[in-house]
Amino acid sequence: MAIRRKTPVVGMAPAERARVPRSLAARRQRASEIYDILLAQHPTAHCELDHENPYQLTAATILSAQCTDKRVNMVTPALFEAYPHAAALSVAEPEHVEELIRTTGFFRSKTRSLIGMASAVVDRHGGEIPSTMDELVQLPGVGRKTANVVLGNAFGINEGVVVDTHVARISLRLGLTKEKDPVKIEQDLMKLFPKENWTMLSHLMIFHGRRICVARKPKCEVCPLVELCPSAFRV
Ligand code: SF4
């Protein structure tokens, strides 16, 4: 059986492991260092859901629940060709939408959300996806996370931080939060990082979580955050 190495890189004894400072000012300074390192590591981090407008991004984000972005990107071209705007999707036959999105999983409930979202957009917003958090979260199938994705990436509005499974895991490992609930994690991140960086922050963490700080066996040996991370070689 392979033995997992618990002691990190040479020169970093267990007693020297990274500590999270107590004061908010020091934690903000540390968060800023983490952000800069992640940005240097993943300078091209971006939303990996293919989209050309707010309608497409809203639909793609609904489809991304419990599904990879890669899989979503495989089904959305046909979906958007058949239903190029909310008005078209609002009158779609559910069976046809189900067939188009079947491989993304939970396709019946996602179809209900897509058609419900499109109908509400037509009824309440003249067919255009709204650009405020309050209006977005009133749409069927749209929660705070989806709304943050749409606001940040389709409208360029930093309203909050998208907390998905990668952001939640990395925030916990790096000691940026002690919470497990996404809404509470988001509140902690919003206190630590400047507002103008919130959208990019989630892209950086998602890129890092997919490539280095992966769920099961993080690649601490090649992670540029190793000296700031209290979880380095401990996961
Ligand atoms: S040092 Fe390891 S646990 Fe910490 S952020 Fe990097 S990969 Fe993740």
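We're numbering straight along the sequence, starting at 1. Just so you know, ligand 1 is whichever comes first in the structure, and atom 1 is the first atom listed for that ligand. It should be emphasised that the depicted structure is a prediction, and the values quoted were computed from it without experimental measurement.
Within ligand 1, counting atoms from 1 as listed, the ones closer than 4.0 Å to a heavy atom of Pro218 are 7 (S). Counting the atoms of ligand 1 from 1 in the order shown, those under 4.0 Å from a heavy atom of Ala232 are 1 (S).
Checking side-chain atoms of Asn73 against main-chain N and O of Glu48 turns up a donor-acceptor pair under 3.5 Å.
Scanning the protein for heavy atoms near atom 4 (Fe) of ligand 1, the closest one is Cys229 SG, 2.3 Å. In terms of protein heavy-atom proximity, atom 8 (Fe) of ligand 1 is nearest to Cys213 SG, 2.4 Å. From the protein, the heavy atom lying nearest to atom 6 (Fe) of ligand 1 is Cys223 SG, 2.4 Å.
Using cut-offs of 30° and 60° on the angle between ring planes, the pair Tyr35 and Phe193 is tilted.
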Start with the C-alpha distance between Arg102 and Glu99, add both sets of side-chain angles, then the distance that settles salt bridge (Lys or Arg N to Asp or Glu O under 4.0 Å), and finish with yes or no.
CA-CA 5 Å; Arg102 181 177 294 269; Glu99 202 50 46; 3.2 Å; yes
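Closest of all the heavy-atom pairs between Leu204 and Ala45 is CD2-CB, 3.8 Å.
Atom 2 (Fe) of ligand 1 lies under 2.8 Å from an N, O or S atom belonging to Cys220.
For CZ of Arg211, the number of neighbouring non-hydrogen atoms (other residues, nucleotides, ligands) closer than 6.0 Å is greater than 12.
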